[in-house]
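Notes for the one structure printed next.
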There are 2 protein chains.
Amino acid sequence: MKQEAITESTGYLLAHVCKTHRNKAGELLAAIDLYVGQEMFLLQLWQRDGLSLSEMAELVHVQPATASRMVGRLEAEELVKRRQDSEDGRVSRIFLTLKGRELREPVLDVWEELETISMANLTADERILLRRLLLQVYQNLKSGD
Amino acid sequence: MKQEAITESTGYLLAHVCKTHRNKAGELLAAIDLYVGQEMFLLQLWQRDGLSLSEMAELVHVQPATASRMVGRLEAEELVKRRQDSEDGRVSRIFLTLKGRELREPVLDVWEELETISMANLTADERILLRRLLLQVYQNLKSGD
DNA sequence: AATTTTTGTTTAGCTGGCTAAGTAAGTATA
DNA sequence: TATACTTACTTAGCCAGCTAAACAAAAATT
């Protein structure tokens, strides 16, 4: 591969767009006192309170160690509380606090704004197309060796 | 915004694809003893040895603090060395070592493999289209408020 | 019933990101 | 010339990622 090819590659552009997207998300979430990624945990709990830590990790697509620490931080901010499962002493269940529940609407607003900004100037067809292409890339990466 | 809309949004899919891409990159780079992102610094130095730290930060699109630390790690691994500029004592210039230069081919190979995997099953037209759509998203995020 | 294996979580330690603050060199102004 | 301001970099401290190891509970095996 020629050297210039890296910075001209689609993968490089993808990484760059993503970083920009993530930074924008971080900026918008900061306004409601959340760090990027935290909202994903809350999102899952709004759908189903009391998930176990490993269920959370799986749903959010992170490792259990990451989930454990992030839940720890959410707990420290009093957005969630942890309880030991009644039937399996190893299992940690995560529950929303009132404070955590109140963040639902603001988070949805943030993501709506983020999506509106990101998808501006793209027709509905282009958005569908982008999704299809991204899904193909994802499949490739998931199965590639 | 409805809650399900977040996980159905293109931004969410983008983040997910990107994380997968980054993990794949990390896996491939680990085989040549590099962490994700380090190769980007080397890439710039292969093109122009002796860049200042802030030039590096700008070219790689990170903050100077990040660049400083990452260059520190590359120096610890003896891939680069730092020298004070002869005309401006504040300026730190980064030079490749022989070891750093020898990594060029392996890095190019890694990125070629990564790109091959990522773009599999996409026609040339689809790749061009993906790039165009990603660039549009990037422009949106860069100018959006 | 005792032992071994598996499972769920946590902690430690590494990484690349960021912001904020600090330090020293260079430049501009009085 | 002395002082004030700007610039380049570094350090400290926060974050989300990861892997590896440790620990305890549960399940499986002997």
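In what follows, chains carry the letters A, B, and so on, assigned in the order in which the sequence lines appear, proteins first and then strands, with residues in each chain numbered from 1.
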Seminar exercise, completed: Atom CG of B:L51 and atom C1' of D:dA8 are separated, to the nearest Å, by 15 Å
Exercise. Of A:Q84 and A:H61, whose closest DNA chain D nucleotide lies nearer the 5' terminus?
Worked result: A:H61
Exercise. Within the structure shown, what part of the strands sits under 4.0 Å from A:E87 by heavy-atom distance: base, sugar-phosphate, or nothing?
Worked result: sugar-phosphate
Exercise. For the pair made of CG in A:L29 and P in D:dC14, what is the distance, rounded to whole Å?
Worked result: 20 Å
For this session: Examine C:dG16: is either OP1 or OP2 under 4.0 Å from a nitrogen or oxygen in the side chain of A:K19? Give yes or no.
Result: no
Exercise. Heavy atoms under 4.0 Å, any strand shown: does A:S92 hit a base, just sugar-phosphate, or nothing?
Worked result: sugar-phosphate
Problem set entry | Presence of A:R73 side-chain N/O under 4.0 Å of D:dC15 phosphate oxygens OP1/OP2 | yes
Problem set entry | Residue A:V91, side-chain atoms from C-beta onward, closest of C:dG8, D:dT10, C:dG17 | C:dG8
Exercise. What do the steps show when you test B:E115 against B:E112 for side chain to side chain contact (heavy atoms under 4.5 Å, CB included), and what is the final call?
Worked result: CA-CA 5 Å; B:E115 190 75 358; B:E112 177 165 17; 5.9 Å; no
For this session: Go through the N and O atoms of the side chain of B:R22 and the base of D:dG17, and report whether any donor-acceptor pair is under 3.5 Å.
Result: no
Problem set entry | Whether A:R131 side chain and B:S9 backbone form a donor-acceptor pair below 3.5 Å | yes
For this session: Give a yes or no on whether the backbone of A:E77 and the side-chain of A:K99 come within a donor-acceptor separation of less than 3.5 Å.
Result: yes
Exercise. Nearest of C:dA25, C:dT11, D:dA25 to any side-chain atom of A:S68?
Worked result: C:dT11
For this session: May I ask you to decide if A:A25's main-chain N or O and A:E27's side chain share a donor-acceptor pair within less than 3.5 Å?
Result: no
Seminar exercise, completed: A:M40 atom CE is separated from D:dC15 atom C1', nearest whole Å, by 16 Å
For this session: Measure from CZ on B:R69 to P on C:dC18 and round the result to the nearest Å.
Result: 10 Å
Problem set entry | Contact under 4.0 Å: B:S54 side-chain N or O vs D:dA8 OP1/OP2 | no
Problem set entry | Nearest-angstrom distance from the residue atom CG of A:L74 to P of C:dT10 | 13 Å
Exercise. Any donor-acceptor pair under 3.5 Å joining the side chain of B:R90 to the base of D:dT7?
Worked result: yes
For this session: In whole angstrom, give the distance that lies between atom CG of B:N23 and atom P of D:dA16.
Result: 17 Å
Exercise. Rounded to the Å, how far apart are A:F41 CZ and C:dT9 C1'?
Worked result: 13 Å
Seminar exercise, completed: Which of C:dG17, D:dT10, C:dT10 is nearest the side chain of B:M70? It is C:dG17
Exercise. Among D:dC9, C:dG17, C:dA12, which is the nearest nucleotide to the side chain of A:A65?
Worked result: C:dA12
Problem set entry | Short side-chain N/O contact to D:dT19 OP1/OP2 from A:Q63, under 4.0 Å | yes
For this session: First locate atom CG of B:N140, then atom CG of A:L114, and finally report the distance between them rounded to the nearest 0.5 Å.
Result: 11.0 Å
Exercise. Taking C-beta and beyond as the side chain, do A:T66 and A:V60 meet within less than 4.5 Å on heavy atoms?
Worked result: no
Exercise. Reckon B:G37 touches a base, only the sugar-phosphate, or nothing at all at heavy-atom distances under 4.0 Å?
Worked result: nothing
For this session: May I have the distance from B:E27 (atom CD) to D:dG17 (atom C1'), rounded to whole angstrom?
Result: 15 Å
Exercise. Do A:R93 and C:dG8 share a donor-acceptor pair, side chain to base, under 3.5 Å?
Worked result: no
